[in-house]
Enquirer: 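What follows is a structure written as structure tokens; I'll ask about it next.
Read the numbers this way: they start at 1 and go in the same order the structure lists the ligands and their atoms. Starting from 1, each residue takes its place in the sequence as its number.
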Amino acid sequence: MSEMRLVVVGASGRMGRMLIKAVAETEGCTLVGAIEREGSPALGQDAGLLAGTGLLDVDVTDDPLAVFAQADGVLDFTAPAATTAFAALAAQARIVHVIGTTGLQEADFTKLEAAARHARIIQSGNMSLGVNLLAGLVRKVAATLGEDFDIEILEMHHRMKVDAPSGTALLLGEAAAEGRKISLKERSVRSRDGHTGARNPGDIGFATLRGGTVVGEHSVIFAGAGERLELSHRAEDRSIFARGAVRAALWGFDKKPGYYTMANVLGLDQL
Ligand SMILES: NC(=O)C1=CN([C@@H]2O[C@H](COP(=O)(O)OP(=O)(O)OC[C@H]3O[C@@H](n4cnc5c(N)ncnc54)[C@H](O)[C@@H]3O)[C@@H](O)[C@H]2O)C=CC1
Ligand SMILES: O=C(O)C1=N[C@H](C(=O)O)C[C@H](O)C1
């Protein structure tokens, strides 16, 4: 099979630079484009120099249409409005679109599902092996323990993160809700303040911490009477997400158009 030609969008972001490096270091793929938003100071710079890998002879541009036409896949860790626009372009170009962007709302997911009629969309709030394995464990524990164990999800991220709860916290909440056979939308409690009254049995609570340079920490707490079980993941380096995204793109290369997740890529969908 020929080398997969990949584009990184959001090239100068924290994840964008990690993705450029991961593509450059992975066999079987090659970087053919790097996209940034209009007005970004990174425009015109060499993507490799930007990412600290050495010259790659790929200039950062703000013209995705021309670049997607020459590519097999796009790696996208940007922002919801950008991601839905890139999905439409990926559908037009019939390519793989790996989406790590979080903070997506229902209307955004509807657009991504429409794009998945022609693109191979692989979307996940967390591209690491550890978190996707954790989600499987959470689903099993939630199914095993009854409603007398309260589920609370705690996350901490760096001070620059703009969305809450994190995509990972929501992914873990969905796994817990699936295990319990309830709807997360109906049972999630996103914040508490003031006289809230006692906790409703069966709710799934979320708590968010932000500060410093924390890459990403998540705990799912099952709190019962007299005992507590905690399942946790700590990301120590953003490269785990970037390597996961490149692995997802390579996995998607020979797949049919559709909407896939990291659990499909990692073969954890039956867990
Ligand atoms: N699913 C996962 O495993 C992970 C997801 N993320 C998510 O990825 C996203 C980005 O995170 P960071 O890299 O930390 O943020 P960042 O703010 O450092 O990077 C985002 C980049 O996207 C660019 N961008 C925004 N709109 C654009 C457009 N229309 N065209 C081209 N570029 C555009 C920005 O200029 C910026 O350089 C967030 O939603 C974050 O939560 C982050 C890490 C792991
Ligand atoms: O913004 C981040 O940094 C991260 N975002 C993802 C999320 O929202 O869960 C994944 C990871 O935890 C880092």
Side-chain angles (χ1 to χ4, degrees), residues 7-22 33-43 45 47 50-51 60-65 67-68 74-90 97-105 108 121-132 134-135 153-175 206 208-220 232-249 261-263 265-266:
V7 178
V8 171
V9 294
S12 76
R14 277 175 290 277
M15 279 306 300
R17 281 171 281 146
M18 283 284 166
L19 290 162
I20 292 168
K21 199 159 177 286
I35 304 293
E36 252 303 334
R37 64 180 162 74
E38 230 178 285
S40 164
L43 295 177
Q45 290 186 43
L50 187 66
V60 179
T61 81
D62 60 2
D63 182 8
L65 198 61
V67 174
F68 283 23
V74 50
L75 307 176
D76 177 355
F77 289 60
T78 56
T83 291
T84 50
F86 288 135
L89 296 181
H97 187 190
V98 177
I99 301 173
T101 305
T102 58
L104 297 162
Q105 304 300 310
D108 299 319
I121 292 198
I122 304 161
Q123 181 271 327
S124 177
N126 196 301
M127 298 281 173
S128 74
L129 171 63
V131 159
N132 285 281
L134 176 65
I153 301 174
L154 174 66
E155 55 115 333
M156 180 159 188
H157 283 86
H158 54 95
R159 60 167 72 102
M160 301 306 289
K161 185 159 178 64
V162 294
D163 56 306
S166 69
T168 309
L170 293 170
L171 179 160
L172 294 170
E174 284 293 353
F206 290 85
T208 301
L209 306 178
R210 292 284 177 268
T213 55
V214 177
V215 174
E217 301 191 356
H218 295 86
S219 289
V220 182
S232 299
H233 180 266
R234 285 193 172 77
E236 295 171 351
D237 192 310
R238 285 188 178 83
S239 63
I240 59 171
F241 311 128
R243 287 201 307 269
V246 174
R247 180 170 173 174
T261 68
M262 226 27 215
V265 174
L266 297 169

Enquirer: Without swapping roles, check the side chain of Thr101 against the backbone of Thr83 for a donor-acceptor pair under 3.5 Å.
Expert: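 Not confirmed, Thr101 side chain does not pair with Thr83 backbone.
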Enquirer: Starting from atom 7 (C) of ligand 2, find the nearest protein heavy-atom neighbour and note its residue, name and distance.
Expert: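 Nearest protein contact, heavy atoms only, for atom 7 (C) of ligand 2 is Gly167 N, 3.4 Å.
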Enquirer: Is the ring pair Phe86/His97 parallel, tilted or perpendicular, if the boundaries are 30 and 60 degrees?
Expert: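 Answer is perpendicular, since the angle exceeds 60°.
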Enquirer: When you look for heavy atoms under 4.0 Å from ligand 2, do you find them on the side chain of Thr168, its backbone, both, or neither?
Expert: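 Under 4.0 Å from ligand 2, Thr168 contributes backbone and side-chain atoms.
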Enquirer: Report yes if some heavy atom in the side chain of Ser124 is under 4.5 Å from a heavy atom in the side chain of Leu171; otherwise report no.
Expert: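 Of all side-chain heavy-atom pairs linking Leu171 with Ser124, at least one is under 4.5 Å.
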Enquirer: When you measure from atom 1 (O) of ligand 2 to every protein heavy atom, which one gives the shortest distance, and what is it?
Expert: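 Residue, atom and distance for the closest contact: Lys161 NZ, 2.9 Å.
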Enquirer: Could you please spell out the steps behind the side-chain contact (heavy atoms from CB on, under 4.5 Å) verdict for Asp237 and Val215?
Expert: CA-CA 7 Å; Asp237 192 310; Val215 174; 6.0 Å; no
Enquirer: If you define the side chain from C-beta out and look only at heavy atoms, does anything of Leu104 sit under 4.5 Å from Gln123?
Expert: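 The answer is yes, as the side chains (C-beta and beyond) meet within the 4.5 Å cut-off.
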Enquirer: Hey, does His218 have a side-chain heavy atom less than 4.5 Å from the side chain of Ser232?
Expert: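 Heavy-atom side-chain distance check fails, nothing below 4.5 Å.
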Enquirer: Considering non-hydrogen atoms only, spot the tightest contact between Val60 and Ala42 and give its length.
Expert: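 For Val60 versus Ala42, the nearest heavy atoms are CB-O, 3.4 Å.
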Enquirer: Please name the pair of heavy atoms, one in Ala164 and one in Thr208, separated by the smallest distance, quoted to 0.1 Å.
Expert: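 Nearest pair, atom of Ala164 first, then Thr208: CB-CG2, 3.9 Å.
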Enquirer: How far is atom 2 (C) of ligand 2 from its nearest protein heavy atom, and which residue and atom name does that atom have?
Expert: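 Result for atom 2 (C) of ligand 2: His158 NE2, 3.6 Å.
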Enquirer: Tell me the residues surrounding ligand 1, counting only those with a heavy atom closer than 4.0 angstrom, sorted by chain and number.
Expert: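 Contacts of ligand 1 under 4.0 Å: Gly10, Ser12, Gly13, Arg14, Met15, Glu36, Arg37, Phe77, Thr78, Ala82, Phe86, Gly100, Thr101, Thr102, Ser124, Gly125, Asn126, Met127, Lys161, Asp163, Phe241.
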Enquirer: If you compare all heavy atoms of Met127 against all heavy atoms of Ile99, which two are closest, and at what distance to 0.1 Å?
Expert: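 Met127 and Ile99 have their closest heavy atoms at CE-O, 3.2 Å.
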Enquirer: Between Arg210 and Glu155, is there a side-chain N and carboxylate O pair less than 4.0 Å apart?
Expert: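 Answer for the salt bridge query: yes.
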Enquirer: Give the contacting part of His218 toward ligand 2: side chain, backbone, both or neither, where contact means a heavy-atom distance below 4.0 Å.
Expert: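 Contact part for His218 vs ligand 2: side chain (C-beta onward).
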Enquirer: Please report which non-hydrogen protein atom sits nearest to atom 6 (C) of ligand 2, along with the residue it belongs to and the distance in Å to one decimal place.
Expert: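 Of the protein heavy atoms, Gly125 O, 3.7 Å lies nearest.
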Enquirer: If the cut-off is 4.0 Å to any non-hydrogen atom of Ser166, which atoms of ligand 2 fall inside it?
Expert: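 The list of qualifying atoms is 7 (C), 8 (O), 9 (O).
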Enquirer: With no hydrogens and no angle check, is any side-chain donor or acceptor of Asp76 less than 3.5 Å from a backbone partner on Thr78?
Expert: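 It does hold such a pair.
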Enquirer: Pick one of side chain, backbone, both or neither for how Val215 approaches ligand 2, counting any non-hydrogen atom pair under 4.0 Å.
Expert: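 The part of Val215 near ligand 2 is the backbone, not the side chain.
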Enquirer: For ligand 2, note which part of Met15 has a heavy atom under 4.0 Å away: side chain, backbone, both or neither.
Expert: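 No part of Met15 comes within reach of ligand 2.
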Enquirer: Would you mind checking which non-hydrogen protein atom is closest to atom 12 (O) of ligand 2, with the distance to 0.1 Å?
Expert: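 Checked against all protein heavy atoms, atom 12 (O) of ligand 2 sits closest to His157 NE2, 2.6 Å.
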